[in-house]
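Notes follow the structure.
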Amino acid sequence: MELFVFVVAAAMVLGGAIGVITRSNPVHAALSLVLTLFGIAVMFVSHDAQFLAAVQVIVYAGAIVVLFLFVIMLLGVDRTEDVNIEPITVQRPLALIVSAGVVGIVIAAVVSSRELLGRPVGGLDKTTLSAPDANIRQLAREIFGNNVFAFELTSVLLLVAVVGTVLMARRVKSNGAGK
Amino acid sequence: MLSAIQPTSSWYLILAAVLFGIGAFGVMVRRNPLVMFMCIELMLNAVNLTFVTLATALSNINGQVVVFFVMVVAAAEVVVGLGIIVAIMRRRNGITADDLSALKG
(Lines give C-alpha, C1' and ligand atoms only; values in the text may rest on other atoms or scores of the structure.)
Protein backbone atom coordinates (compact mmCIF):
# COMPACT_ATOMS: atom_id res chain seq x y z
CA MET A 1 0.00 0.00 0.00
CA GLU A 2 2.78 2.42 0.86
CA LEU A 3 4.48 1.44 -2.37
CA PHE A 4 1.35 2.24 -4.37
CA VAL A 5 0.96 5.63 -2.65
CA PHE A 6 4.62 6.43 -3.23
CA VAL A 7 4.50 5.53 -6.92
CA VAL A 8 1.34 7.56 -7.57
CA ALA A 9 2.57 10.58 -5.60
CA ALA A 10 6.01 10.43 -7.25
CA ALA A 11 4.37 10.35 -10.68
CA MET A 12 2.32 13.41 -9.72
CA VAL A 13 5.38 15.26 -8.41
CA LEU A 14 7.67 14.50 -11.34
CA GLY A 15 4.98 14.95 -13.99
CA GLY A 16 4.02 18.32 -12.56
CA ALA A 17 7.64 19.43 -12.29
CA ILE A 18 8.36 18.46 -15.89
CA GLY A 19 5.21 20.33 -16.89
CA VAL A 20 6.35 23.49 -15.08
CA ILE A 21 9.62 23.69 -16.98
CA THR A 22 8.35 22.54 -20.39
CA ARG A 23 4.91 24.13 -20.87
CA SER A 24 5.24 27.31 -22.89
CA ASN A 25 2.07 28.90 -21.55
CA PRO A 26 2.56 30.32 -18.00
CA VAL A 27 -1.01 29.39 -17.02
CA HIS A 28 -0.35 25.73 -17.86
CA ALA A 29 2.90 25.91 -15.90
CA ALA A 30 1.03 27.22 -12.86
CA LEU A 31 -1.52 24.40 -13.10
CA SER A 32 1.30 21.85 -13.36
CA LEU A 33 2.73 23.40 -10.21
CA VAL A 34 -0.57 22.61 -8.44
CA LEU A 35 -0.13 18.94 -9.40
CA THR A 36 3.37 18.88 -7.90
CA LEU A 37 2.22 20.58 -4.70
CA PHE A 38 -0.60 18.05 -4.21
CA GLY A 39 1.86 15.19 -4.70
CA ILE A 40 4.13 16.68 -2.04
CA ALA A 41 1.10 16.98 0.28
CA VAL A 42 0.32 13.27 -0.21
CA MET A 43 3.90 12.45 0.74
CA PHE A 44 3.60 14.62 3.86
CA VAL A 45 0.56 12.59 4.91
CA SER A 46 2.46 9.34 4.43
CA HIS A 47 5.17 10.76 6.72
CA ASP A 48 2.69 11.50 9.54
CA ALA A 49 2.88 15.25 8.92
CA GLN A 50 -0.84 15.85 8.63
CA PHE A 51 -0.72 19.49 9.71
CA LEU A 52 1.95 20.34 7.16
CA ALA A 53 -0.02 18.54 4.45
CA ALA A 54 -3.09 20.68 5.18
CA VAL A 55 -0.98 23.84 5.27
CA GLN A 56 0.67 22.80 2.02
CA VAL A 57 -2.68 22.52 0.26
CA ILE A 58 -4.11 25.71 1.78
CA VAL A 59 -1.07 27.99 1.51
CA TYR A 60 0.67 26.72 -1.61
CA ALA A 61 -2.12 25.41 -3.80
CA GLY A 62 -4.71 27.78 -2.40
CA ALA A 63 -2.85 31.04 -2.00
CA ILE A 64 0.46 31.08 -3.81
CA VAL A 65 -0.70 29.51 -7.08
CA VAL A 66 -3.80 31.72 -7.09
CA LEU A 67 -1.47 34.70 -6.62
CA PHE A 68 0.58 33.51 -9.58
CA LEU A 69 -2.55 33.19 -11.71
CA PHE A 70 -3.73 36.65 -10.63
CA VAL A 71 -0.43 38.20 -11.70
CA ILE A 72 -0.41 36.28 -14.99
CA MET A 73 -3.90 37.53 -15.81
CA LEU A 74 -3.16 41.05 -14.54
CA LEU A 75 -0.08 41.44 -16.69
CA GLY A 76 -1.69 39.74 -19.67
CA VAL A 77 1.26 37.43 -20.25
CA ASP A 78 -0.97 34.37 -20.61
CA ARG A 79 0.13 33.78 -24.17
CA THR A 80 2.42 31.12 -25.46
CA GLU A 81 6.08 31.98 -25.64
CA ASP A 82 8.51 30.18 -27.87
CA VAL A 83 10.62 28.01 -25.59
CA ASN A 84 12.88 26.94 -28.44
CA ILE A 85 14.68 30.28 -28.66
CA GLU A 86 18.15 29.99 -27.20
CA PRO A 87 19.91 33.36 -26.91
CA ILE A 88 22.96 31.73 -25.34
CA THR A 89 23.57 28.42 -27.06
CA VAL A 90 25.76 26.89 -24.38
CA GLN A 91 23.27 27.66 -21.63
CA ARG A 92 21.02 24.60 -21.84
CA PRO A 93 23.76 21.94 -21.88
CA LEU A 94 25.56 23.82 -19.11
CA ALA A 95 22.38 24.03 -17.01
CA LEU A 96 21.75 20.33 -17.60
CA ILE A 97 25.27 19.46 -16.45
CA VAL A 98 25.05 21.63 -13.34
CA SER A 99 21.64 20.38 -12.21
CA ALA A 100 22.49 16.75 -12.99
CA GLY A 101 25.68 17.20 -10.99
CA VAL A 102 23.76 18.49 -7.97
CA VAL A 103 21.30 15.59 -8.21
CA GLY A 104 24.15 13.11 -8.56
CA ILE A 105 25.96 14.45 -5.51
CA VAL A 106 22.83 14.28 -3.36
CA ILE A 107 21.96 10.78 -4.57
CA ALA A 108 25.51 9.63 -3.83
CA ALA A 109 25.21 11.01 -0.31
CA VAL A 110 21.85 9.25 0.18
CA VAL A 111 23.17 5.94 -1.13
CA SER A 112 26.28 6.11 1.03
CA SER A 113 24.14 6.56 4.16
CA ARG A 114 21.53 3.97 3.25
CA GLU A 115 22.04 1.83 6.33
CA LEU A 116 20.79 4.77 8.40
CA LEU A 117 17.92 5.58 6.02
CA GLY A 118 17.18 2.09 4.73
CA ARG A 119 14.58 1.25 7.31
CA PRO A 120 10.96 1.38 6.15
CA VAL A 121 9.17 4.59 6.95
CA GLY A 122 7.99 4.06 10.50
CA GLY A 123 6.63 7.44 11.47
CA LEU A 124 7.40 9.52 14.49
CA ASP A 125 7.31 8.29 18.04
CA LYS A 126 4.32 5.95 18.02
CA THR A 127 3.71 6.20 21.75
CA THR A 128 2.86 9.87 21.44
CA LEU A 129 1.09 9.50 18.12
CA SER A 130 -1.84 7.46 19.38
CA ALA A 131 -4.17 10.45 19.61
CA PRO A 132 -5.55 11.77 16.32
CA ASP A 133 -4.20 15.26 16.98
CA ALA A 134 -0.79 14.11 18.15
CA ASN A 135 1.07 15.65 15.22
CA ILE A 136 -0.39 19.10 15.84
CA ARG A 137 0.26 18.70 19.57
CA GLN A 138 3.92 17.88 19.03
CA LEU A 139 4.37 20.63 16.47
CA ALA A 140 2.69 23.26 18.63
CA ARG A 141 4.73 22.33 21.67
CA GLU A 142 7.90 22.80 19.64
CA ILE A 143 6.87 26.02 17.85
CA PHE A 144 5.39 27.81 20.86
CA GLY A 145 8.00 26.42 23.23
CA ASN A 146 11.52 26.37 21.95
CA ASN A 147 10.94 28.38 18.78
CA VAL A 148 8.57 31.07 20.00
CA PHE A 149 11.03 33.87 19.24
CA ALA A 150 11.41 32.73 15.62
CA PHE A 151 7.62 32.44 15.40
CA GLU A 152 7.20 36.06 16.49
CA LEU A 153 9.87 37.13 14.02
CA THR A 154 7.93 35.51 11.17
CA SER A 155 4.92 37.68 12.02
CA VAL A 156 7.17 40.75 11.72
CA LEU A 157 8.44 39.36 8.39
CA LEU A 158 4.93 38.96 7.04
CA LEU A 159 4.01 42.50 8.11
CA VAL A 160 7.12 43.91 6.41
CA ALA A 161 6.35 41.95 3.24
CA VAL A 162 2.76 43.20 3.10
CA VAL A 163 3.72 46.85 3.69
CA GLY A 164 6.59 46.67 1.20
CA THR A 165 4.42 45.14 -1.49
CA VAL A 166 1.72 47.76 -1.06
CA LEU A 167 4.37 50.47 -1.27
CA MET A 168 5.86 48.96 -4.45
CA ALA A 169 2.58 48.30 -6.23
CA ARG A 170 1.09 51.72 -5.45
CA ARG A 171 0.86 54.18 -8.30
CA VAL A 172 3.06 57.21 -7.64
CA LYS A 173 1.20 60.49 -7.93
CA SER A 174 2.80 62.58 -10.65
CA ASN A 175 1.94 66.00 -9.25
CA GLY A 176 3.57 65.37 -5.91
CA ALA A 177 0.32 65.76 -4.02
CA GLY A 178 1.06 62.66 -2.01
CA LYS A 179 3.88 64.32 -0.08
CA MET B 1 5.29 -10.09 -3.29
CA LEU B 2 4.84 -6.55 -4.48
CA SER B 3 3.38 -5.47 -1.18
CA ALA B 4 6.52 -6.69 0.58
CA ILE B 5 8.49 -3.80 -0.91
CA GLN B 6 8.29 -0.83 1.42
CA PRO B 7 9.50 2.59 0.28
CA THR B 8 12.33 3.66 2.54
CA SER B 9 13.49 7.15 3.39
CA SER B 10 16.13 6.91 0.68
CA TRP B 11 13.44 6.77 -2.00
CA TYR B 12 11.89 9.99 -0.78
CA LEU B 13 15.28 11.70 -0.52
CA ILE B 14 16.22 10.68 -4.06
CA LEU B 15 12.86 11.91 -5.35
CA ALA B 16 13.42 15.23 -3.56
CA ALA B 17 16.89 15.50 -5.14
CA VAL B 18 15.45 14.90 -8.62
CA LEU B 19 12.74 17.49 -7.97
CA PHE B 20 15.38 19.99 -6.84
CA GLY B 21 17.39 19.30 -9.99
CA ILE B 22 14.36 19.89 -12.22
CA GLY B 23 13.67 23.17 -10.43
CA ALA B 24 17.29 24.32 -10.73
CA PHE B 25 17.31 23.45 -14.43
CA GLY B 26 14.13 25.45 -14.94
CA VAL B 27 15.52 28.53 -13.17
CA MET B 28 18.62 28.43 -15.36
CA VAL B 29 16.81 27.80 -18.65
CA ARG B 30 13.44 29.57 -18.62
CA ARG B 31 13.23 33.27 -19.57
CA ASN B 32 9.83 34.20 -18.15
CA PRO B 33 10.34 35.62 -14.63
CA LEU B 34 7.01 34.17 -13.47
CA VAL B 35 8.01 30.65 -14.53
CA MET B 36 11.40 31.15 -12.90
CA PHE B 37 9.53 31.91 -9.67
CA MET B 38 7.53 28.70 -10.03
CA CYS B 39 10.78 26.77 -10.42
CA ILE B 40 12.05 28.35 -7.20
CA GLU B 41 8.88 27.05 -5.54
CA LEU B 42 9.71 23.57 -6.88
CA MET B 43 13.15 23.76 -5.25
CA LEU B 44 11.66 24.94 -1.95
CA ASN B 45 9.21 22.03 -2.00
CA ALA B 46 12.02 19.58 -2.65
CA VAL B 47 13.82 20.87 0.43
CA ASN B 48 10.59 20.67 2.45
CA LEU B 49 10.15 17.04 1.43
CA THR B 50 13.72 16.31 2.52
CA PHE B 51 13.12 17.93 5.91
CA VAL B 52 9.91 15.98 6.53
CA THR B 53 11.51 12.70 5.44
CA LEU B 54 14.46 13.16 7.76
CA ALA B 55 12.17 14.25 10.60
CA THR B 56 10.44 10.89 10.26
CA ALA B 57 13.61 8.89 9.76
CA LEU B 58 15.31 10.41 12.81
CA SER B 59 12.10 10.65 14.92
CA ASN B 60 12.65 14.35 15.50
CA ILE B 61 9.77 16.81 15.15
CA ASN B 62 12.15 19.74 14.56
CA GLY B 63 12.30 18.93 10.85
CA GLN B 64 8.59 19.66 10.56
CA VAL B 65 9.05 22.91 12.52
CA VAL B 66 11.63 24.04 9.97
CA VAL B 67 9.24 23.23 7.14
CA PHE B 68 6.62 25.41 8.82
CA PHE B 69 8.99 28.38 8.85
CA VAL B 70 10.11 27.70 5.27
CA MET B 71 6.49 27.88 4.14
CA VAL B 72 6.00 31.26 5.85
CA VAL B 73 9.16 32.68 4.31
CA ALA B 74 8.22 31.27 0.89
CA ALA B 75 4.83 32.98 1.04
CA ALA B 76 6.45 36.31 1.93
CA GLU B 77 9.05 35.84 -0.81
CA VAL B 78 6.40 35.18 -3.46
CA VAL B 79 4.42 38.26 -2.41
CA VAL B 80 7.46 40.54 -2.62
CA GLY B 81 8.75 38.99 -5.84
CA LEU B 82 5.43 39.24 -7.64
CA GLY B 83 5.12 42.84 -6.42
CA ILE B 84 8.49 43.64 -7.98
CA ILE B 85 7.48 41.92 -11.23
CA VAL B 86 4.20 43.86 -11.38
CA ALA B 87 6.03 47.14 -10.69
CA ILE B 88 8.52 46.44 -13.49
CA MET B 89 5.94 45.22 -16.00
CA ARG B 90 3.88 48.35 -15.51
CA ARG B 91 6.72 50.47 -16.88
CA ARG B 92 7.83 48.27 -19.76
CA ASN B 93 6.33 45.54 -21.84
CA GLY B 94 9.24 43.13 -21.90
CA ILE B 95 8.33 39.87 -20.27
CA THR B 96 11.63 38.02 -20.35
CA ALA B 97 14.57 38.15 -18.03
CA ASP B 98 16.74 39.29 -20.95
CA ASP B 99 14.82 42.55 -21.17
CA LEU B 100 15.78 43.36 -17.59
CA SER B 101 19.50 43.22 -18.23
CA ALA B 102 19.77 46.92 -17.34
CA LEU B 103 19.52 45.80 -13.71
CA LYS B 104 22.95 44.21 -13.87
CA GLY B 105 24.55 47.58 -13.09
Side-chain angles (χ1 to χ4, degrees), chain A residues 2-3 6 10 13-14 17-18 20-21 26 29-30 33 36-37 40 43-44 47-49 52 55 59 63-64 67-68 71-72 74-75 77 81 87 91-92 95-96 99-100 102-103 106-107 110 114 117-121 123-125 138-139 142-143 147 150 154 157-158 161 164-165 168-169, chain B residues 2-3 5-15 17-26 28-32 34-35 37-39 41-42 45 48-49 52-53 55-57 59 61-62 64-65 67-69 71-76 78-80 82-87 89 95-96 98:
Chain A
E2 280 91 359
L3 182 71
F6 177 84
V13 167
L14 292 181
I18 298 286
V20 170
I21 66 167
L33 185 63
T36 298
L37 299 177
I40 297 276
M43 293 194 166
F44 282 178
H47 278 291
D48 287 330
L52 288 178
V55 170
V59 171
I64 289 182
L67 199 60
F68 270 117
V71 170
I72 289 169
L74 179 70
L75 296 177
V77 295
E81 60 172 318
Q91 188 181 20
R92 274 186 198 181
L96 191 62
S99 52
V102 170
V103 172
V106 175
I107 287 179
V110 170
R114 64 184 177 279
L117 304 166
R119 298 190 298 264
V121 174
L124 291 172
D125 192 3
Q138 280 182 313
L139 206 53
E142 220 26 68
I143 287 174
N147 299 298
T154 56
L157 173 75
L158 284 175
T165 306
M168 263 189 307
Chain B
L2 199 61
S3 62
I5 303 172
Q6 294 283 329
T8 62
S9 297
S10 305
W11 298 25
Y12 289 91
L13 293 177
I14 288 172
L15 177 75
V18 172
L19 183 61
F20 187 91
I22 292 173
F25 181 74
M28 288 187 270
V29 165
R30 292 302 296 261
R31 307 251 161 234
N32 190 331
L34 286 167
V35 181
F37 251 102
M38 293 178 205
C39 293
E41 296 302 315
L42 285 184
N45 271 282
N48 281 353
L49 182 59
V52 170
T53 304
T56 310
S59 290
I61 194 73
N62 275 308
Q64 297 188 13
V65 174
V67 171
F68 177 78
F69 287 122
M71 280 181 180
V72 175
V73 174
V78 166
V79 168
V80 173
L82 289 179
I84 290 173
I85 289 175
V86 169
M89 296 296 169
I95 62 161
T96 69
D98 294 328

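If you're wondering where the values come from, they're calculated on a predicted model, not measured in any experiment. Reckoned from all heavy atoms, side chains included, excluding hydrogens, waters and symmetry mates.
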Quick check on A63(A) against chain B: is it the side chain, the backbone, both or neither that has a heavy atom closer than 4.5 Å?
neither

With side chains defined as the heavy atoms from C-beta onward, is the minimum distance between N45(B) and L37(A) less than 4.5 Å?
yes

Quick one: CH2 on W11(B) to CG on L3(A), what's the gap to the nearest 0.5 Å?
5.0 Å

Which answer fits F68(B), side chain, backbone, both or neither, if we ask what part of it has an atom under 4.5 Å from a heavy atom of chain A?
both

Atom CD1 of I64(A) and atom CE of M38(B): how far apart are they, to the nearest 0.5 Å?
11.5 Å

Heavy-atom distances under 4.5 Å only: say whether A30(A) touches chain B with side chain, backbone, both or neither.
both

Pick from V73(B), I85(B), I84(B) with the largest number of heavy-atom pairs that fall under 4.5 Å of chain A:
I84(B)

Working to the nearest 0.5 angstrom, can you tell me the gap between L52(A) CG and N48(B) CG?
8.0 Å

Just so I know, are the side chains of I40(A) and L19(B) near enough to count as touching, which here means a heavy-atom distance under 4.5 Å?
yes

Report yes if some heavy atom in the side chain of L15(B) is under 4.5 Å from a heavy atom in the side chain of L14(A); otherwise report no.
yes

Most heavy-atom pairs under 4.5 Å with chain A, out of V86(B), V80(B), L82(B), belong to L82(B)

Kindly write out the residues that satisfy side-chain contact (heavy atoms from CB on, under 4.5 Å) with V79(B), not counting sequence neighbours, or none if the list is empty.
L67(A), T165(A)

Heavy-atom pair of closest approach, residues Q91(A) and M28(B):
NE2-O, 2.6 Å

Compare all side-chain heavy atoms of T36(A) with those of E41(B) and state whether any distance is below 4.5 angstrom.
no

Please name the pair of heavy atoms, one in A17(B) and one in V103(A), separated by the smallest distance, quoted to 0.1 Å.
O-CG2, 3.3 Å

Can T56(B) and D48(A) be said to form a side-chain contact (heavy atoms from CB on, under 4.5 Å), step by step?
CA-CA 8 Å; T56(B) 310; D48(A) 287 330; 5.5 Å; no

Mark yes or no for whether R92(A), through its side chain, and V29(B), through its backbone, hold a donor-acceptor pair below 3.5 Å.
no

For E142(A) against N62(B), the heavy-atom pair lying closest together:
OE2-OD1, 3.2 Å

To the nearest 0.5 Å, what is the distance between CD on Q64(B) and CD on Q138(A)?
7.5 Å

Got L33(A) and L42(B) here, is their nearest side-chain heavy-atom distance under 4.5 Å?
yes

Please identify, among V106(A), V59(A), N147(A), the residue contributing the most non-hydrogen atom pairs under 4.5 Å to chain B.
N147(A)

Residues that F25(B) engages under ring-ring contact (aromatic ring centres under 6.0 Å, His included), provided they are two or more places apart:
none

Toward chain B, the part of V102(A) with a non-hydrogen atom under 4.5 Å
side chain

Is any side-chain heavy atom of L49(B) less than 4.5 Å from a side-chain heavy atom of V13(A)?
no

What closest approach, in Å, do T154(A) and F69(B) show between heavy atoms, and which atom pair accounts for it?
CG2-CD2, 3.5 Å

Closest non-hydrogen contact found for A161(A) with A76(B) is CB-CB, 3.9 Å

